[in-house]
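Report on the structure given below.
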2 protein chains.
Amino acid sequence: MIRVFIVDDHPVVIEGIHALLQNEKDIEWAGHAMNAASCLGFFLNNTADVLLMDISMPGMDGIELCAIMKQKYPGIFILGLSTFNQGLYIKKMMENGASGYILKNSSKEELLKAIHAVDKGDIFFSGEVSQALQEYQKSSMIQLPMLSPREKEILGLIAEGYTNPQIAEKIFLSSFTVDSHRKNLLAKLNVKNTASLIRLAVERKLI
Amino acid sequence: MIRVFIVDDHPVVIEGIHALLQNEKDIEWAGHAMNAASCLGFFLNNTADVLLMDISMPGMDGIELCAIMKQKYPGIFILGLSTFNQGLYIKKMMENGASGYILKNSSKEELLKAIHAVDKGDIFFSGEVSQALQEYQKSSMIQLPMLSPREKEILGLIAEGYTNPQIAEKIFLSSFTVDSHRKNLLAKLNVKNTASLIRLAVERKLI
DNA sequence: TAAACCCTCACCCGAAACAGTGATTGTTGC
DNA sequence: GCAACAATCACTGTTTCGGGTGAGGGTTTA
């Protein structure tokens, strides 16, 4: 018996999902909440196996609630729920411990498949969602100017917090040379200071 | 009929998987390769639906091969394959476009479940792997000192490349004040310059 | 043999960052 | 009411960064 709880601020969605699951013999309706606070309240005295969670809610959003719930109750598996099929949201939910993600207009079969997979501790995304996720990965990896090996090396050292003179000493170069590479990095990546440089480098996984 | 191809440098693994899949009626053995190069060679004149890929291989590793294959043949779904159950590897494979990840000592049932899910375009991890992934997420999120709202705001602006005077003008503060906050950020997060600060902030998702 | 890079080094200079110190105001919580 | 802290502002240094400019030697490629 899988106890399913749902958090969503749209009554229609709650009712809809409830109706879909009503006749499932191995699924028990644990209840629902319409915001983060009352969800947290429910779990003070109750529990569930699978938590369907809307991503966008008034007050605290699903992303944040997901992190809190997972931290408090690691044994509860969370299934993200959204009308939007946006890679960024999916990724953030996963980073906060969700076990899957489905669209609100999913078919009953997809919903059940996801609930069962998640309840077993598996991680599951339907093809539709997985496509969005992979497209997001791809889009966030658009072409960057090529960096020479030396530049990559120095970029790494900058990111580790070394100053030009320190880098120079470390790899036996003149501090002027290191400075040249540094300026080339700024120019090539089209950023204007160290902060933007490092942010870009980390986000685009250059280091 | 799902055509399955495998890349792994261990003959034992290839044979083992081959044996497991031999009697499956809906699975066709497309072939195998023992390194990245011959895998790429195979797909010049052939194709497959699902590609089982070892993560650690001599020469080019699975992580890199995964990215190349996905870029050349986006329609082929890749299932990571490893003896190690390490979150970092799993995450990297996913970032490079894999659709799932299983352990080499998985049961036949798990293997088949994964292949079928992946072939449909779904993303799937078994419970065992998913646990490793979630523990990895958690471990990379250890306690950080609390930042005040103002500090977070200024941290964000620094990451966007604004200088102290620019930030001061933007949020109507003295440039001295911004500088104070900046110094507090360095002290609280125990880093010594902007580069380390931004790196930490991006990696730990403070911004 | 050019052109196009990469890597190296050099100098000037203004702007920004970083270190240290100290101060006032206001809020929160015990 | 006092301690703790967030938020604000101020001044003085020293160090680092970043813009500009240029130069010489190396390799690869057209």
Side-chain angles (χ1 to χ4, degrees), chain A residues 37 40 59-60 64 68 142-207, chain B residues 60 64 142-207:
Chain A
L40 288 167
M60 186 191 301
E64 201 177 339
I68 296 174
I142 356 175
Q143 289 300 357
L144 281 183
M146 283 299 292
L147 299 185
S148 71
R150 207 44 151 180
E151 284 165 349
K152 282 184 196 162
E153 181 182 14
I154 286 172
L155 176 55
L157 292 168
I158 295 172
E160 284 177 37
Y162 296 107
T163 66
N164 287 345
Q166 287 170 336
I167 295 173
E169 188 191 7
K170 212 171 177 62
I171 58 180
F172 309 109
L173 281 183
S174 156
S175 151
F176 292 116
T177 307
V178 177
D179 196 44
S180 292
H181 287 305
R182 190 178 195 129
K183 285 169 187 166
N184 286 337
L185 282 165
L186 294 179
K188 276 193 180 179
L189 297 174
N190 195 33
V191 290
K192 47 191 237 309
N193 58 27
T194 301
S196 325
L197 174 69
I198 297 303
R199 183 186 183 180
L200 179 68
V202 176
E203 285 181 344
R204 304 291 277 278
K205 308 195 191 306
L206 298 176
I207 46 179
Chain B
M60 186 191 303
E64 201 178 339
I142 357 173
Q143 289 299 16
L144 282 182
M146 282 298 294
L147 299 185
S148 71
R150 206 45 150 180
E151 284 165 349
K152 282 183 196 162
E153 182 183 12
I154 286 172
L155 176 55
L157 292 168
I158 295 173
E160 284 178 37
Y162 295 106
T163 66
N164 287 345
Q166 287 170 338
I167 294 173
E169 189 190 8
K170 212 172 178 62
I171 58 180
F172 309 110
L173 282 182
S174 155
S175 150
F176 293 116
T177 307
V178 177
D179 196 45
S180 292
H181 288 303
R182 189 176 196 130
K183 286 169 192 163
N184 287 335
L185 282 166
L186 294 179
K188 275 194 180 180
L189 297 175
N190 194 32
V191 290
K192 48 191 236 308
N193 57 26
T194 301
S196 324
L197 174 68
I198 297 303
R199 184 187 183 178
L200 179 68
V202 177
E203 284 181 345
R204 304 293 276 278
K205 308 195 193 304
L206 297 176
I207 47 178

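Residue numbering restarts at 1 for every chain, and letters A, B, ... go by the order of the sequence lines.
- For the pair A:K192 and A:L186, the minimum side-chain heavy-atom distance is 4.5 Å or more.
- In this structure, the separation between OG on A:S148 and CG on A:L155 is 10.5 Å, given to the nearest 0.5 Å.
- Residue-level contact check: A:S180 touches the bases, meaning some heavy atom is under 4.0 Å from a base atom.
- In this structure, CZ on B:R150 lies 6.0 Å from NE2 on B:H181, to the nearest 0.5 angstrom.
- Considering only heavy atoms from C-beta on, B:L173 stays 4.5 Å or farther from B:I167 through its side chain.
- Residue A:K192 places no side-chain atom within donor-acceptor reach of the base of D:dG18, judged by atom type and a 3.5 Å distance cut-off alone.
- Remark: side-chain polar atoms of B:N193 are paired, donor with acceptor, to backbone N or O of A:G161 under 3.5 angstrom.
- With rounding to the nearest 0.5 Å, the separation of OG in B:S174 from CD in B:E169 is 13.0 Å.
- Contact check, B:T177 against D:dC9: a side-chain N or O comes under 4.0 Å of OP1 or OP2.
- Atom CG of A:N164 and atom P of D:dG18 are 8 Å apart (whole Å).
- The 5' end of DNA chain C is approached more closely, in terms of each residue's nearest nucleotide, by A:K188 than by the other of A:K188 and A:S174.
- Spacing between atom CG of A:L186 and atom P of D:dC17 amounts to 11 Å, rounded to whole angstrom units.
- In this structure, A:L206 and A:L144 have side chains that are in contact, with non-hydrogen atoms separated by less than 4.5 Å.
- Rounded to whole Å, the distance from CG on A:L197 to C1' on D:dC17 is 12 Å.
- A:K183 has its NZ atom 16 Å from the P atom of D:dA23, to the nearest Å.
- Between B:V191 and A:D179, the residue whose closest nucleotide on DNA chain C is further toward the 5' end is A:D179.
- Atoms CG (A:L189) and C1' (D:dG18) sit 15 Å apart, rounded to a whole Å.
- Not one side-chain nitrogen or oxygen of B:S148 sits closer than 4.0 Å to the OP1 or OP2 atom of D:dC5.
- One interatomic measurement links the two molecules: CZ of B:R150 to C1' of D:dC5, which rounds to 16 Å at whole-angstrom precision.
- Note: NZ (B:K152) to C1' (D:dA6) measures 13 Å, nearest angstrom.
- Reading DNA chain C from its 5' end, the first and the last nucleotide to sit under 4.0 Å from a heavy atom of chain B are C:dA16 to C:dG20.
- Ranked by how close their nearest DNA chain D nucleotide is to the 5' end, B:N193 and B:F176 are led by B:F176.
- Side chain of A:E160 to backbone of A:L157: no donor-acceptor contact under 3.5 angstrom is found.
- A straight line from CD1 of B:I167 to P of D:dA7 spans 15 Å, rounded to a whole angstrom.
- Looking only at distances, a side-chain donor or acceptor of A:R204 sits under 3.5 Å from a matching main-chain atom of A:I142.
- Taken from CD1 in A:I207 to CD in A:E153, the straight-line distance is 13.5 Å, to the nearest 0.5 Å.
- Axis deviation across the helix from C:dT1-D:dA30 to C:dC30-D:dG1 amounts to 60°, comparing end segments of five pairs, rounded to 10 degrees.
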